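In what follows, a structure is listed as structure tokens, so that the remarks can point back to it.
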Amino acid sequence: MGVREEGKHFLQKVFPFLPLFFLLSLSPLFPRPFRLHAWGVDTNREGVRGDMLDIKFLRENIDIVRQSIANRGGKVDLAEYEALDKERRGLILEVETCKMRRNEASKAIAQVKREGGDASAAIAEQAAVGQAIKDLDERLKAVDDRVQEFLLDIPNVPHESVPVGRTEDDNAVSWMWGEKPEFSFAPKEHYELGQELGGLDFERAAKLSGSRFAVTYGWAAKLERALATFMLDVQTGENGYFEVATPVIVNSTALYGTGQLPKFAEDLFKIDGQEAYLIPTAEVPLTNLHADETIDADRLPIGYCAHTQCFRSEAGSYGKDTKGLIRMHQFGKVELVHFTRPEDSFDQLEKLVKNAESILQKLGLHYRVVTLCTGDLGFSSTKTYDIEVWLPGQDKYREISSCSNMLDFQARRAGIRFKDKGQKKAQLCHTLNGSGLAVGRCMVAVLENYQREDGCIEVPEVLRPYLGVEVIEPIARF
RNA sequence: GGAGAGGUGGCAGAGUCCGGUUUAAUGCGGCGGUCUUGAAAACCGUUGAUGGGAAACCAUCCGGGGGUUCGAAUCCCUCCCUCUCCGCCA
């Protein structure tokens, strides 16, 4: 694999100045049925700021940003940033004035030479100017790099509907669906059930790979495959998504675009010696599909879904969820990603949650939806709904999906724009993403909610065509 | 992995040998207009991004980075990517 990014400063990677407009020309290749026109959307919704965390927005609204960082429990020295921004603008003025003079002088020299005159005096006069510009450019680049480092470190501003709080205890339960199933016996946890039924094997996984990996056999391998296929079928069939299969290795540019880098490098698996990483979620490749592109406005909203393996280092989660399938280094997930017009993104967020919920409803699994508070909100998100499924074995609700509106935060970093027909200016898209759903955790939920007293698992109605059985019974493994 | 050819605006495609009338020709497409009952054709005009500036305007951008020069799409170094052929391979 090539190391494409070597020798390239990361700022150039994040803000490449090469808009690729080929999507415009490709649009006839996308047939109508794949577009999401069925998603009725109200326009002109309030509460959306198009210029959020834009350098100019930040300059004019630094107090809002300062407050939002405080609400998240974060820390960024914005006073230093303000000084840098001021210095940057001063340097730009200075160096551009120099360049203007140089351009004028060069033109004059060219004129003299063309007429066969002697320009050596003028050339000698310009000798020092070139060096001065070089020095100024160097200083500007240094300041500019610092400014961009700050910008990359500043999280998105939480939407005003997001509760202010510090930890997950401050999240607000927004709505619920279904009811907790009742058991005439003490329900077991999924890893007990899975191991007793011969489907889950953590010992051999540890031998092969280490902790936080699993090997599945027979019905468990098949159930995982069935769940993923079922989810894709619903999302592409009923909910209108366009299925995509992406690479699971991406470069650092993509990870800067969606916000995993530069701040969260320790959560990622990096390929040794290369600027290449295993994806922590399909959000990264799906969102970056349109990086540095301008999308035809009449193609919006776009909805993609993909089933991929996801890889997370889980650094800092030692001792947490050490048993079972809940917290793995590798897990399957069906991801949903939307590209929308700015005024549509909050309606799209509601739609996105509903689409994720539809899977749990069809599986008959009880869940609640919580709105994350400012302290629990992800770096790139302005508002996030977590769907938490009920796990009777654990006697807890556990996150199975996280649906977020990123506004133009990722679009700015990745360069994702759209343009209306006849309009001169392209605008930044809004991007959203959510799990629809995490496959491993969904298997956990099925096992715990559909367990019988004899330890067998009743197969949910909708999965029976995929599995070919009504009950999961013990198997002997080799 | 080896050899060769390439990377220029929404697209196609000049310019690169021999640096300065290139503020990137020309064509197509897009947008606006004339004409027309309407359309097509023809003709006329227009046509990107980013940053600085209240604005006029200015600066930067020919795959990325660096260098030479008063001045670089053009010369030098380096990296990346694409294509063709060969090798290997599911």
Side-chain angles (χ1 to χ4, degrees), chain A residues 1-29 51 54-60 84-141 143-145 147-148 151 247 250-254 256 273-276 290-299 411-428:
Chain A
M1 183 179 305
V3 188
R4 196 183 111 200
E5 302 305 330
E6 206 162 79
K8 193 174 168 187
H9 190 276
F10 76 89
L11 300 170
Q12 269 74 49
K13 298 179 218 166
V14 186
F15 300 108
F17 297 114
L18 283 173
L20 303 176
F21 289 96
F22 60 79
L23 190 88
L24 288 166
S25 66
L26 286 180
S27 57
L29 296 177
D51 286 332
D54 173 62
I55 191 165
K56 284 179 186 166
F57 174 87
L58 185 55
R59 194 175 295 151
E60 285 155 22
L84 279 168
D85 182 50
K86 203 172 162 195
E87 188 184 351
R88 172 175 171 271
R89 285 194 285 166
L91 281 169
I92 286 173
L93 196 69
E94 206 177 331
V95 73
E96 287 190 356
T97 308
C98 283
K99 282 182 180 173
M100 187 179 69
R101 298 225 176 89
R102 181 185 69 183
N103 289 347
E104 283 167 358
S106 289
K107 239 177 256 177
I109 290 167
Q111 179 72 20
V112 170
K113 287 209 160 189
R114 232 178 289 125
E115 289 164 3
D118 177 18
S120 54
I123 289 175
E125 202 176 308
Q126 286 304 307
V129 177
Q131 189 57 46
I133 288 173
K134 200 174 285 179
D135 291 344
L136 281 169
D137 262 338
E138 233 164 76
R139 279 171 61 199
L140 177 60
K141 183 167 163 33
V143 171
D144 211 32
D145 285 356
V147 166
Q148 299 300 341
L151 288 176
V250 295
N251 58 33
S252 55
T253 308
Y256 275 102
Q274 302 194 31
E275 278 303 299
H290 293 299
D292 298 322
E293 292 183 6
T294 301
I295 302 168
D296 253 345
D298 61 12
R299 289 201 53 233
R412 173 168 298 106
R413 293 164 78 108
I416 306 167
R417 296 166 214 284
F418 73 95
K419 194 157 81 171
D420 285 296
K421 267 212 171 15
Q423 284 286 308
K424 235 183 130 145
K425 272 209 101 60
Q427 303 176 58
L428 290 169

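Below, each value reflects all heavy atoms present in this structure, side chains not excepted, and no hydrogens, waters or symmetry copies. Letters A, B, ... are given to chains in the order of the sequence lines, protein chains preceding strands, and every chain is numbered from 1. Worth saying up front: this structure is predicted, and the values here are computed from it rather than measured.
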Winner on side-chain proximity to K141(A), out of G66(B), G52(B), C70(B), is G66(B)
Considering every strand and a 4.0 Å limit on heavy-atom distances, what is the contact class for A105(A): base, sugar-phosphate, or nothing?
nothing
On RNA chain B, more 5' by nearest nucleotide between K113(A) and T97(A) is K113(A)
Output the single nucleotide from G52(B), G20(B), C70(B) whose closest atom is nearest the side chain of I123(A).
C70(B)
Describe the nucleic acid contact of R88(A) in one word from base, sugar-phosphate, nothing, applying a heavy-atom distance below 4.0 Å.
sugar-phosphate
Classify I109(A) by what it touches in the nucleic acid, base, sugar-phosphate, or nothing, heavy-atom distance under 4.0 Å.
base
What integer number of Å spans the P atoms of C76(B) and G7(B)?
15 Å
May I ask which nucleotide in the shown strands pairs with G4(B), Watson-Crick or G-U wobble, both distances under 3.5 Å?
C83(B)
Nearest to side-chain heavy atoms of M100(A), which nucleotide of C58(B), G53(B), G20(B)
C58(B)
Which base sits across from G32(B) as a Watson-Crick or G-U pair, both distances under 3.5 Å?
C44(B)
Give me the distance, rounded to whole Å, that separates G29(B) from U23(B) when you measure between the C1' atoms they each carry.
24 Å
Begin with the C-alpha distance, continue with both residues' side-chain angles, and end with the deciding distance and a verdict on side chain to side chain contact (heavy atoms under 4.5 Å, CB included) for D85(A) and L58(A).
CA-CA 10 Å; D85(A) 182 50; L58(A) 185 55; over 6 Å; no
State whether the side chain of D137(A) and the backbone N or O of L140(A) hold a donor-acceptor pair below 3.5 Å, judged by distance alone.
no
K419(A) has an atom NZ; how far is it from atom C1' of G9(B), in whole Å?
12 Å
For G27(B), which nucleotide in any strand shown is its Watson-Crick or wobble partner with both distances under 3.5 Å?
C11(B)
Other residues, nucleotides, ligands: >12 heavy atoms within 6.0 Å of R59(A) CZ:
yes
With rounding to whole Å, what would you report as the distance between C61(B) and A73(B) at their C1' atoms?
11 Å
Take atom C1' in U21(B) and the same atom in C80(B), then report the distance between them in whole Å.
36 Å
Describe the nucleic acid contact of K99(A) in one word from base, sugar-phosphate, nothing, applying a heavy-atom distance below 4.0 Å.
sugar-phosphate
G63(B) to U26(B) separation - C1' atoms, rounded to the nearest Å:
24 Å
Under 3.5 Å donor-acceptor, R413(A) side chain and Y256(A) backbone:
yes
Partner nucleotide of C89(B) by Watson-Crick or wobble geometry (both distances under 3.5 Å):
none
Could you tell me how far apart Q148(A) (CD) and U50(B) (C1') are, to the nearest whole angstrom?
11 Å
Could you measure the distance from the CZ atom of R139(A) to the CG atom of D144(A)? Nearest 0.5 Å is fine.
13.5 Å
Measure from CG on D137(A) to C1' on G67(B) and round the result to the nearest Å.
14 Å
For U60(B), the nucleotide meeting Watson-Crick or G-U wobble distances (both under 3.5 Å) is A49(B)
Nearest-Å distance once atom C1' is located in both A42(B) and U36(B):
12 Å
Rounded distance (Å) that lies between atom C1' of C31(B) and atom CG of D296(A):
14 Å
Could you tell me whether a side-chain N or O of N251(A) sits under 3.5 Å from a main-chain N or O of T253(A), the two making a donor and an acceptor?
yes
Between the base of G71(B) and the side chain of Q126(A), is one N or O donor paired with an acceptor at under 3.5 angstrom?
no
Does the structure show a Watson-Crick or G-U wobble partner for U69(B), both distances under 3.5 Å? Name it, or say none.
none
Given G53(B), C70(B), U50(B), the nucleotide with the shortest approach to the side chain of R417(A)
U50(B)
G13(B) to C62(B) separation - C1' atoms, rounded to the nearest Å
13 Å
Value in whole Å for how far the C1' atom of U21(B) lies from NZ of K107(A)
11 Å
Please name the nucleotide paired to C18(B) by Watson-Crick or G-U wobble geometry with both distances under 3.5 Å, or report none.
none
To the nearest angstrom, how far is E125(A) atom CD from G71(B) atom P?
14 Å
Electrostatic pair D145(A)-K141(A), nearest N-O below 4.0 angstrom
yes
What's the closest nucleotide to the side chain of N103(A) if the choices are C70(B), A59(B), G20(B)?
A59(B)
How close or far is atom C1' of A72(B) from atom CD1 of I133(A), stated in whole angstroms?
14 Å
Using heavy atoms to find the nearest nucleotide of RNA chain B for R89(A) and G130(A) separately, return the residue whose nucleotide is more 5′.
R89(A)
Nearest 0.5 Å, please: how far is CD1 in I133(A) from CD in E96(A)?
11.0 Å
For atom CZ of R102(A) and atom P of G20(B), their distance in whole Å
16 Å
Between C11(B) and G19(B), how far is it from one C1' atom to the other, in whole Å?
29 Å
Per E96(A) side chain, nearest of listed nucleotides G52(B), G51(B), U60(B):
G51(B)
